[in-house]
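Following: one structure in structure tokens, then a few remarks.
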Amino acid sequence: MNSVSKAAVHLLLNYVSNNPMEKMPVMFEIAEKLDRGHLHAGQISTMRQILLDENSVWRTFVETVVREVDTKLLKKVVECFFVNSNLEGEERARAVEKKYNCNVPWAILMDPTSACNLSCIGCWAAQYGNRHNLSYETLDSICRQGKELGIYFYIFSGGEPLVRKKDIIRLCEAHQDCYFFAFTNGTLVDDEFCQDLLRVGNFALAFSIEGDEAATDQRRGKGTYRKVIEAMERMKAHKLLFGYSTCYHRYNTKSVGSDEFVDDMIARGCRFSWNFTYMPVGKDARIDYIATPEQRAYMYRRVREIRETKPIFAMDFWNDGEYTDGCIAGGRRYLHINAAGDVEPCAFIHYSNVNIHDVTLLEALRSPLFMSYRRNQPFNHNMLRPCPLLDNPEMLAAMVKESGAKSTDMEAPEDVDALCAKTAPAAAAWADTADRLWAENPKSRKKQAATVSVKS
């Protein structure tokens with residue numbers, strides 16, 4: 001983005017900081033002008049239609065956010081997330097992608113540390129060991145390289161990323177043009193950290209929670225639920241932006257999908273939710289935690305119902321494949337760098353050819369496993385079966401073997417055939433249900449119509 005465009009953005013942000021709801025039509029006009037490549041015309045048009053409708057639940061959502069979140073934070077969301085990441089960054093990333101014939105992601109997920117102060121049942125992070133850390137200099141280098149490729153959105157996981165909260169805040173200060181986000185267990189959020197979040201403005205949190213108190217403490221340890229709630233209360237009091245992240249599995253799906261739970265999270269100040277399904281990654285992973293086809297179908301319908309009826313932005317990492325045209329990993333929309341520096345296609349795929357300490361980010365994106373992802377995506381014509389591990393395990397096994405990628409689990413390296421054998425029964429069971437759901441989906445019918453039109 002040139003200096004004139006950046007100046008226009010800052011003028012716009014100052015203009016809409018007072019009475020932003022009244023000035024929303026102007027915001028959409030500016031967004032259309034900034035979207036020079038028309039990469040987001042459809043999304044901008046949809047948002048305009050929804051947010052200008054005074055009876056829309058999304059209008060209520062935005063009004064609540066404007067009222068309860070500090071204005072500085074909202075300005076940074078617009079500047080860093082919507083403009084830099086989704087407008088300027090997207091255009092640059094697609095140009096790089098075309099030049100080098102490789103995927104260039106929208107977001108990078110990285111682990112500042114493998115250390116964690118909890119020991120949750122079924123957590124794959126423990127397989128990395130607890131002694132690895134990415135230095136501040138490495139984190140800073142990843143961000144600098146990423147921006148050259150058009151990447152302005154950085155997500156932290158772990159371990160518990162807030163073990164390194166001083167370095168993360170320092171990173172937010174150094175890259176005020178980027179937006180940062182962390183998945184956290186919430187136990188290390190104190191008032192000093194909240195003040196740091198308010199000061200930098202470009203960092204939001206998602207609190208990991210498993211549903212009600214019993215479900216959360218059963219998997220994460222007694223007393224954890226109360227600590228998460230206390231952290232949410234502290235964040236809300238400081239007018240900060242946050243949401244929740246939940247892993248639905250065989251034993252908690254109805255809890256995390258219930259009106260009681262979702263309404264409680266909204267009342268506590270959550271603005272968004274990430275819904276993940278359990279993945280049996282790691283030598284000692286609990287296979288019995290894998291959600292049943294009925295539970296996954298329930299969450300597919302439930303998340304869509306929440307979007308239509310409740311003022312919270314809900315995402316389903318697997319079942320939203322219909323909106324992303326399948327799997328987003330392998331650098332297609334995101335990648336993962338673990339605390340040892342291994343560059344992996346996904347947080348749940350612990351295999352790699354390269355380490356960020358030895359190669360550039362661009363070289364990692366052109367490594368054999370990432371290029372195999374690019375050649376094979378999407379992994380299924382059914383966008384509700386997007387994952388190469390959970391839904392199409394034969395695809396992951398083939399790509400790992402073809403690329404010569406090695407297991408990155410430090411504690412107990414896992415053979416890809418052994419891993420895929422865990423998910424094969426679940427993939428087969430989900431296939432029939434997913435195919436029925438996809439046949440009912442309007443996007444499926446559009447794709448079929450387009451195929452018929454091309455053939456004729």
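Predicted model, so just to flag it, every value in this text is computed and none were measured.
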Do the non-hydrogen side-chain atoms of [X] and [Y] ever get within less than 4.5 Å of each other?
| X | Y | value |
| --- | --- | --- |
| Phe313 | Arg271 | no |
| Asp320 | Met383 | no |
| Pro161 | Ile168 | yes |
| Ile266 | Thr64 | no |
| Phe272 | Phe181 | yes |
| Leu390 | Phe348 | no |
| Met110 | Leu139 | yes |
| Met232 | Met235 | no |

With a 4.0 Å cut-off on N to O distance, would you call [X] and [Y] a salt bridge?
| X | Y | answer |
| --- | --- | --- |
| Glu97 | Arg332 | no |
| Glu90 | Arg94 | yes |
| Lys406 | Glu344 | no |
| Asp190 | Arg234 | no |
| Lys75 | Glu79 | no |

Where [X] and [Y] come nearest, the two heavy atoms and their spacing:
| X | Y | answer |
| --- | --- | --- |
| Phe81 | Ser85 | O-CB, 3.1 Å |
| Ser157 | Pro112 | O-CD, 3.3 Å |
| Ile142 | Leu361 | O-CD2, 4.2 Å |
| Trp106 | Ile151 | O-CG2, 3.7 Å |
| Val416 | Ala397 | CG2-CA, 3.8 Å |
| Arg164 | Tyr136 | NH2-N, 3.7 Å |

Is there a donor-acceptor pair under 3.5 Å between the side chain of [X] and the backbone N or O of [Y]?
| X | Y | value |
| --- | --- | --- |
| Asn202 | His175 | yes |
| Asn103 | Gly330 | yes |
| Ser114 | Ala339 | no |
| Asn252 | Cys247 | yes |
| Asn353 | Ser367 | no |
| Asn319 | Met299 | no |
| Ser403 | Val400 | yes |
| Lys227 | Val189 | no |
| Asn392 | Arg385 | yes |
| Arg374 | Phe370 | no |

Interatomic distance, [X] atom [atom1] to [Y] atom [atom2] [nearest 0.5 angstrom]:
| X | Y | atom1 | atom2 | value |
| --- | --- | --- | --- | --- |
| Ser141 | Ile356 | OG | CD1 | 7.0 Å |
| Cys327 | Asp391 | SG | CG | 9.5 Å |
| Arg375 | Asn101 | CZ | CG | 9.5 Å |
| Met315 | Ile306 | CE | CD1 | 11.5 Å |
| Ile290 | Met279 | CD1 | CE | 8.5 Å |
| His350 | Asp409 | NE2 | CG | 5.5 Å |

Open item on the list: Show, in sequence, the C-alpha distance, side-chain angles and deciding distance for Cys387 and Phe317, and conclude whether the side chain to side chain contact (heavy atoms under 4.5 Å, CB included) test is met.
Closed with: CA-CA 10 Å; Cys387 181; Phe317 192 74; over 6 Å; no
- [ ] Check the pair Tyr351, Leu419 against side chain to side chain contact (heavy atoms under 4.5 Å, CB included), reporting the backbone distance first and the verdict last.
- [x] CA-CA 11 Å; Tyr351 298 92; Leu419 171 63; 3.8 Å; yes
Determine whether the aromatic ring centres of [X] and [Y] lie less than 6.0 Å apart.
| X | Y | answer |
| --- | --- | --- |
| Tyr289 | Tyr251 | yes |
| Phe379 | Tyr373 | yes |
| Phe242 | Phe207 | yes |

Is it true that the side chains of [X] and [Y] contain a donor and an acceptor less than 3.5 Å apart?
| X | Y | value |
| --- | --- | --- |
| Thr246 | Asn275 | no |
| His238 | Asp70 | no |
| Glu160 | Thr184 | yes |
| Asp217 | Thr224 | no |

Open item on the list: Consider side-chain contact (heavy atoms from CB on, under 4.5 Å). Of Ile349, Asn376, Thr423, Asp417, which one does Leu396 pass it with?
Closed with: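 It is Ile349; the other options fail the test.
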TODO: Apply the test ring-ring contact (aromatic ring centres under 6.0 Å, His included) to residues Phe276 and Phe183: give CA-CA distance (whole Å), side-chain angles for both, the deciding distance (0.1 Å), then the verdict.
DONE: CA-CA 12 Å; Phe276 298 87; Phe183 295 104; 5.7 Å; yes
Open item on the list: Run His336 and Asp111 through side chain to side chain contact (heavy atoms under 4.5 Å, CB included) and show every step you take.
Closed with: CA-CA 8 Å; His336 179 234; Asp111 301 345; 3.0 Å; yes
- [ ] Apply side chain to side chain contact (heavy atoms under 4.5 Å, CB included) to Ile209 and Phe261, showing your working.
- [x] CA-CA 10 Å; Ile209 193 166; Phe261 173 69; 3.7 Å; yes
Task: Arg366 NZ/CZ over Tyr100 ring centroid, <6.0 Å and within 45° of normal - done: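 No, a cation-pi geometry is absent between Arg366 and Tyr100.
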Open item on the list: Would you say NZ of Lys165 has more than 12 non-hydrogen atoms from neighbouring residues, nucleotides or ligands within 6.0 angstrom?
Closed with: yes
Open item on the list: Over 60° means perpendicular and under 30° means parallel, so tell me whether Phe153 and Tyr179 are parallel, tilted or perpendicular.
Closed with: tilted
Task: Pair Glu192-Lys166, salt bridge (Lys or Arg N to Asp or Glu O under 4.0 Å): steps then yes or no - done: CA-CA 11 Å; Glu192 180 183 357; Lys166 293 294 184 182; 2.9 Å; yes
